[in-house]
Amino acid sequence: MSITLKSIVEQHGGMISRIASSYEARPELAEELVQDSLLAIWRALPKYRGEANPKTYAARIAHNVCISHVRKASKRKTEPLDEQLHDDTPGPEDQADQALQRERLLAAVRQLNLANRQIVTLHLEGFSNVEIADTLGLTANNVGVRLARARSELKILLGDLSDD
Amino acid sequence: MTDALKTLWQDSPPFDVDAMVDRLNRNNRDIRSLNTWSTVISLAVFAVLIGLEWSGNLHTDGMMTLLGTLCLVLGGGHYLWAKRRLQKAFSREPEALIKFMIQRTRAAVNLGRMLYLLPVPSLGFGYLLGRFTPNVERETPMPDWIDPVIILIAVTFVIVPTTLGLWFTRRKVKELKELQAIAREMEGSD
């Protein structure tokens, strides 16, 4: 089974973009993360043997690229990302309600620790526990436990939005 | 987690590849232009500073040569940084990217070859220079340990770059062969 970069961009570009946004609030850096992820995927394509689902494969590489980025950023000790988000985004009155809610969700996901963030992002992308386990190299049980913990954390962060 | 949250998450605006490629192309034009200017300016500054110092117009004890070299290194650093940016822009076009990577690897192979081919003639030149330069009478004789030190330094200057060059070239030749195989595979699949 062979996949092309073009098909990955077309089918999973949105997912890669959302994963990047969950790690980086600044839009220009999030876009760089998308480009880095695509480049990493393209480089990894010759080694792809068709054993993994292309979606899982792309998500795994995107997460690895994003985690490297977070590690480098934490070494540089830059200012907190969430402050940047509030500076850059337009006021609530200018935004449609759904876009505002999406921003809240994204901001809440960014506040989770790295391990939980990975699991929650993939869960929100519609991955099953087995697929998340396959992507992150964990067991399905472990994913279930961590997901439950991350869910309650996210519920507190989201407040009323989680009840909708 | 409720399905509503999943829907909200996945309902983000569609990923606009064309807009991203447009922005990349625009950035590329800026980078190419900046890259050309930085290379030209750093080379010019390097040449002027070294020319002034070596012609004897400035007596700055090597300071200008150092500054000129620093300028050239900065120019080279900028060139490499810009290449990396350009490489990203090709990420959606595998054929263009592979050609670019082959070119870059070929340049790296040549650099590696220079590393192990240059020290040998350099040492030979040094030997000839030392051999045929008139000996100056020294007030104090050279200490006995100086010969082994000179030999050690000379050997280090040959062995270290030669070994590094051989190792680097071997690695890059392997990478080049892999890239060429991928390129052939791509041509075959068209």
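Chain letters run A, B, ... following the sequence lines, proteins first and then strands; every chain starts at 1.
The backbone N or O of A:Leu124 sits less than 3.5 Å from a side-chain atom of B:Gln10, completing a donor-acceptor pair.
Hydrophobic clustering (ILVMFWY, side-chain heavy atoms < 4.5 Å, transitive): A:Val130 and A:Ile119 are in distinct clusters. A:Phe127 and A:Val145 are members of different hydrophobic clusters when ILVMFWY side chains are connected at heavy-atom separations under 4.5 Å. In the hydrophobic clustering of this structure, A:Tyr48 groups with A:Ile41; members are Ile, Leu, Val, Met, Phe, Trp, Tyr whose side-chain heavy atoms approach within less than 4.5 Å, directly or through other members. Hydrophobic clustering of Ile, Leu, Val, Met, Phe, Trp and Tyr side chains at less than 4.5 Å, counting indirect connections, unites A:Leu45 with A:Val34.
There is no contact between A:Ser21 and chain B, counting heavy-atom distances below 4.5 Å.
The CG atom of B:Leu8 lies 10.0 Å from the CZ atom of A:Arg104; values are rounded to the nearest 0.5 Å.
A heavy-atom distance below 4.5 Å is found between the side chains of B:Trp9 and A:Glu125.
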